[in-house]
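Encoded as structure tokens, the structure appears first; notes follow it.
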Amino acid sequence: MSEIWGALVVFLLCPLLGGLPAIDWISLALTGRRLSRVGTGNVGVSAAFYHGGRLVGILAVISEASKGILAVLLTRLFFPAGSAWELLALIALVMGRYWIGKGAGTTNVLWGLLVHDPIAVFLSCLIGGVSFTIFREKTTGRFVGLFLLALILALRHANDSGYILVAIALASLLGGISARVADDLDLSEENVNPESRKMFRFFRGDRALLSLDNTLDPLKVGQKAATLSYLKRSGYCVPDGWILPAGDDSKPLIDFLRPSPNNPLVARSSAIGEDSETASAAGQYTTILDITDSQALESAILTCQTSYNSPTAVQYRLDRGQENTSISVLIQKQIRGAFSGVAFSRDPVNSTSPDVVIEALPGDATKVVSGRFTPESYRVNLEEDRITGAGEIPLDIIQQVARSCRAIESLYHGIPQDMEWTHDGEKLWILQARPITNLQPIWTRKIAAEVIPGVIRPLAWSINRPLTCGVWGEIFTIVLGDRATDLDFTETATLHYGRAYFNATLLGTIFRRMGLPPESLEFLTRGAKFTKPPLLSTLKNIPGLFRLLQREFRLEKDFQRDLDRYFLPALDKITATPLENLSERELLTGIEEILTVLKKATYYSILAPLSFAARRGIFQVPFEALDNSRAPEVESLHALSPILKNSNADSPAFREWLDRYGYLSEVGTDISIPRWREHPETLLQHYVEPPAKVPPKKGKSNRSVQKRLDLKNKVTEIYSRLLAHLRWHFLALENLWLQENILKDKEDIFFLEYEKIKQFIDRKSLDKIDRIISPHRQRFQTDLALTNLPYIVYGQPPDREFLASDRTAKRRLQGIGASAGQIEGRVKILRTLQAIDLRPGTILVVPYTDSGWSPLLSRAAGIISEVGGQLSHGAIVAREYGIPAVMDVSGAIDGLQDGQLVRIDGGRGTVEILAE
């Protein structure tokens with residue numbers, strides 16, 4: 001009975017197993033393409049590697065190997081191990097693979113035989129490898145290998161004639177099917193499918209012919225070819241092309257391409273280092289058009305290669321610190337363009353402009369880039385669907401070019417692109433795309449404006465920048481390890497117009513290297529959408545990501561340990577001695593001690609909010625379901641309310657409250673901003689009894705998310721308290737210098753960098769102190785007066801006098817919904833925190849929100865903030881009191897006017913102007 005079941009497994013189940021289109025499913029899932037409908041239609045491992053790339057190919061090998069192994073193991077359930085039945089099972093598997101699955105089954109048999117007879121396979125591979133060396137031709141080598149396999153199997157079972165016949169049948173079947181099934185890696189001009197001329201490997205020997213249809217390494221073939229390959233595989237119309245790497249023989253390629261007047265080609269350089277983010281090498285290497293015969297192609301290739309060593313090209317690389325490496329030659333079909341030109345996804349002259357800039361002319365692209373013709377100029381504002389400029393180019397083509405150029409920018413993670421294009425009357429063809437080098441790096445104020453908003457004085461920046469950049473570097477190094485050694489984390493942030501900007505280009509590079517989306521930071525902190533990261537990069541970084549995950553798991557435990565060991569003892573020591581009793585040296589020692597502890601606190605101040613945001617996103621817990629009453633800005637208001645009801649500002653209760661919460665301020669991260677303890681009268685001017693607290697909504701909650709929120713609030717308190725004491729130490733030092741006439745005015749010390757202060761304590765160049773402070777103070781006042789600043793800066797920021805000022809009235813503004821609810825009311829704009837009488841129904845418009853704004857924000861009917869996200873102080877206060885709030889409304893201060901009637905939707909993040 002078992003033999004009958006075994007026969008059913010061999011002759012029924014194995015063909016079905018072989019015909020299972022696993023590779024086709026894998027390719028469809030990961031690339032969106034069915035292998036059965038591209039190339040030769042062969043659904044095999046080689047086609048998977050060719051059309052799908054490395055990951056699809058690896059998964060294809062695993063799936064087919066599993067089939068062969070499974071077929072042998074299933075047969076062993078009913079027949080003796082190593083019997084001819086196992087070979088029959090493989091034959092049945094191959095037949096099903098060929099008839100149903102459109103593949104040869106070579107991978108199935110190889111892995112099945114490894115289980116069946118590993119010694120025979122080892123000997124076959126060993127001797128077969130020699131056959132390829134001798135014959136140097138795939139087809140002959142393949143048949144010799146199959147003959148050896150049958151011979152070795154027969155010799156190992158010389159006494160079993162039935163086994164020998166089955167072994168010969170298996171080898172013959174594989175040989176016959178291999179001859180019939182076209183291999184996508186062996187396509188030639190004669191057997192290629194006309195609808196998919198996808199060339200990857202040449203049919204001679206083991207020499208590879210690289211094409212733009214394959215994934216290309218820019219370090220081997222140059223960035224130009226690699227970029228065009230990526231765009232082509234991403235669905236853009238890119239002319240078919242082939243690459244001749246440096247050092248390769250050009251004859252096989254020339255023989256294959258056979259240019260003619262009806263099939264003209266163009267030869268272009270693709271040098272290592274060309275078209276990079278820092279060097280375009282535009283015009284340094286030669287391009288040859290209208291190649292119509294083999295002799296001209298050979299000459300064009302040589303000319304391209306020779307141009308790499310021209311004096312101007314060598315000097316260009318020398319000036320930019322590039323090494324002399326190599327040049328590949330890219331050969332493409334030449335498109336006869338009816339209209340052609342170049343497009344810039346961002347204006348390379350005025351980077352604050354929202355327009356796509358296009359230069360174009362009738363004819364092919366060489367007219368535009370040659371410099372001999374004056375092109376037509378167009379500007380396209382995609383947001384407002386507006387085209388400026390007129391000429392012979394149809395405007396629908398200009399619109400298509402603009403959208404494609406901006407889409408390619410998005411494809412490259414927001415890096416501005418310079419795109420060369422041509423339109424043949426039917427299709428838009430992309431001829432080249434490269435970063436606009438003078439717009440690098442990209443700086444963003446989106447996150448930085450929430451972390452440390454406003455104009456920043458030198459002292460605050462000289463402390464904040466190394467602390468924040470250093471800790472970010474440590475966190476990134478946890479994941480990247482040795483792969484972080486070439487990254488300069490000190491370049492993570494900078495100042496433009498006196499405001500903090502983060503290096504979006506560097507952060508994107510780091511996140512991609514970590515296997516994370518380049519927008520991960522904005523996703524975690526602001527809810528922004530993000531792109532899909534490369535899977536292989538993510539898999540490669542699993543060990544590092546696991547190390548970071550371990551830190552996240554023990555974050556609460558580690559913080560409690562450091563709270564007891566470092567933070568609380570440090571705060572106790574700081575407050576033990578009155579600052580007015582300390583000397584310069586003692587104050588400096590205290591500052592150094594605070595900075596040491598502050599570095600540890602900065603680690604938690606970064607990881608705790610990210611941990612909370614990640615957990616909240618994973619468990620999909622709405623903000624309204626969380627209890628944020630332990631946030632310092634909320635807790636302080638609730639603690640103050642009963643005190644002022646029953647006593648006054650001179651009471652011991654209020655002084656005790658001030659000792660507890662006096663470290664809070666308008667901008668907690670900026671030590672140059674006064675704390676509540678310094679000016680309690682200002683706090684009392686803002687204060688009125690807060691509205692009733694809105695209890696957390698019943699519904700989806702999560703204990704681990706709530707615990708992370710509580711941890712974030714504890715970390716915020718410790719971090720803010722340390723910064724407050726750091727400020728008070730500097731103020732004590734300033735008082736000493738004011739008494740000695742070293743400084744002239746209060747707050748002068750904040751216009752000195754920390755290193756300068758240490759030098760002055762050593763009594764070095766004290767006579768120059770005023771000459772340092774004066775220009776810093778003047779620049780601060782100039783920066784303070786600037787409005788309508790760009791949130792994104794490309795490369796070097798425009799001079800202050802050339803800042804773009806968009807005063808176009810918009811009826812609807814979009815931001816980030818931070819606290820749900822809708823409200824209509826009149827607008828009150830506040831550029832700085834000040835005492836005002838808020839009328840009922842007033843919607844406050846503020847540049848940013850920190851804990852110091854809490855008493856004022858709690859009285860508003862609605863909140864609109866230019867910067868901030870769902871974790872900002874303003875959002876926390878708004879949710880606590882049920883106030884609709886919209887954060888990150890770019891241009892709100894200048895775009896709205898006092899008294900305007902607006903409607904805000906805190907769920908959708910919209911601000912609608914109803915009336916003036």
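Values reported hereafter were calculated over all heavy atoms of this structure, with side chains retained and with hydrogens, waters and symmetry mates removed.
- Residue Ala246 comes nearest to Ser328 through the heavy atom pair N-OG, 3.9 Å, listed as atom of the first residue, atom of the second, then distance.
- A heavy-atom distance below 4.5 Å is not found between the side chains of Val10 and Leu74.
- Leu244 CG to Leu297 CG: the interatomic distance, rounded to the nearest 0.5 Å, is 9.0 Å.
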Worksheet item: Do Leu88 and Leu170 pass the side chain to side chain contact (heavy atoms under 4.5 Å, CB included) test, and can you show the C-alpha distance, the side-chain angles, and the key distance before you say yes or no?
Response: CA-CA 8 Å; Leu88 285 172; Leu170 176 61; over 6 Å; no

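- When atom types are taken as modelled, the side chain of Ser27 and the backbone of Ile23 share no donor-acceptor pair closer than 3.5 angstrom.
- Distance CD/Gln334 to CZ/Arg336: 4.5 Å, rounded to 0.5 Å.
- Under the 4.5 Å side-chain criterion, counting only non-hydrogen atoms from C-beta, Leu228 is not in contact with Lys232.
- Lys224 places a side-chain N or O within 3.5 Å of a backbone atom of Ser269 that can act as its donor or acceptor partner.
- The shortest distance between side-chain heavy atoms of Pro259 and Pro264 does not fall below 4.5 Å.
- A distance of 6.0 Å separates CG of Leu431 from OG1 of Thr422, quoted to the nearest 0.5 Å.
- Annotation: side chain of Arg268 is in contact with side chain of Gln432 (closest heavy-atom distance under 4.5 Å).
- The line from CD of Gln332 to CG of Leu257 is 11.5 Å long, rounded to the nearest 0.5 Å.
- Screening residues 422-431 for salt bridge (Lys or Arg N to Asp or Glu O under 4.0 Å) gives no qualifying pairs among residues at least two apart or on separate chains.
- Separating the CG atom in Leu216 from the CD1 atom in Ile243 is a distance of 4.5 Å, to the nearest 0.5 Å.
- Here the closest heavy-atom approach between residue Ile69 and residue Trp111 is recorded as CG1-O, 3.7 Å.
- Scanning all heavy atoms of the two residues, the minimum distance from Val221 to Ala226 falls at CG2-N, 4.4 Å.
- Of all the heavy atoms in Ser234 and Tyr230, the pair that sits closest is OG-O, 2.7 Å.
- Ion pair Glu552/Arg615 flagged as a salt bridge, since at least one NZ, NE, NH1 or NH2 atom sits closer than 4.0 Å to an Asp/Glu carboxylate oxygen.
- Put simply, the side chain of Arg258 gets close to the backbone of Asp255: a donor and an acceptor are under 3.5 Å apart.
- With contacts defined as side-chain heavy-atom distances shorter than 4.5 Å, the pair Leu231/Leu411 qualifies.
- Residues Leu210 and Trp242 fail the side-chain proximity criterion, which asks for heavy atoms closer than 4.5 Å.
- Partners of Glu298 by salt bridge (charged side-chain N to carboxylate O under 4.0 Å, His left out), not counting sequence neighbours: none found.
- When atom types are taken as modelled, the side chain of Ser83 and the backbone of Phe79 share no donor-acceptor pair closer than 3.5 angstrom.
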Worksheet entry | CA sep, side-chain torsions, deciding dist, call: Glu64, Val61, side chain to side chain contact (heavy atoms under 4.5 Å, CB included) | CA-CA 5 Å; Glu64 295 311 297; Val61 170; over 6 Å; no

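- A donor-acceptor contact shorter than 3.5 Å is absent between the side chain of Arg76 and the backbone of Ala81.
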Fill in: Verdict with supporting geometry, Ile478 and Arg551, side chain to side chain contact (heavy atoms under 4.5 Å, CB included)
CA-CA 9 Å; Ile478 291 172; Arg551 295 284 188 103; 3.3 Å; yes

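- A perpendicular orientation is assigned to the rings of Phe11 and Trp85, their planes being inclined by more than 60° (bins at 30° and 60°).
- Taking both residues in full, the closest heavy atoms of Ala169 and Ile91 are given as CB-CD1, 4.2 Å, listed atom of the first, atom of the second, then distance.
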Worksheet item: Between Gln223 and Arg434, is a side chain to side chain contact (heavy atoms under 4.5 Å, CB included) present by the stated rule, with each step listed?
Response: CA-CA 8 Å; Gln223 188 64 56; Arg434 60 191 176 196; over 6 Å; no

Could you tabulate the donor-acceptor pairs under 3.5 Å formed by side-chain atoms of residues 115-122, not counting sequence neighbours?
| residue | atom | partner | partner atom | Å |
| --- | --- | --- | --- | --- |
| His116 | ND1 | Glu86 | OE1 | 2.4 |
| His116 | NE2 | Tyr163 | OH | 2.6 |
| Asp117 | OD1 | Ile119 | N | 3.4 |
| Asp117 | OD1 | Ala120 | N | 3.2 |
| Asp117 | OD1 | Arg156 | NE | 3.3 |
| Asp117 | OD1 | Arg156 | NH2 | 3.3 |
| Asp117 | OD2 | Arg156 | NE | 2.8 |

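- Between Ala300 and Ile291, the shortest heavy-atom distance links the atoms CB-CD1, 3.5 Å.
- You'll find the side chain of Ile327 stays beyond 4.5 Å of the side chain of Ile272, heavy atoms only.
- Panel note: side chain Ser345, backbone Gln417; a donor-acceptor pair is recorded below 3.5 Å.
- At distances below 3.5 Å, at least one donor-acceptor pair connects side-chain atoms of Ser63 with backbone N or O atoms of Ala60.
- Rounding to the nearest 0.5 Å places CZ of Phe553 at 10.5 Å from CG of Leu548.
- Distance alone, capped at 3.5 Å, is enough to place a donor-acceptor pair between the Ser211 side chain and the Asp213 backbone.
- Looking only at side-chain heavy atoms (C-beta outward), Ile335 and Pro239 come within less than 4.5 Å of each other.
- With hydrogens and angles ignored, the 3.5 Å screen pairs a side-chain donor or acceptor of Ser229 with a backbone N or O of Leu212.
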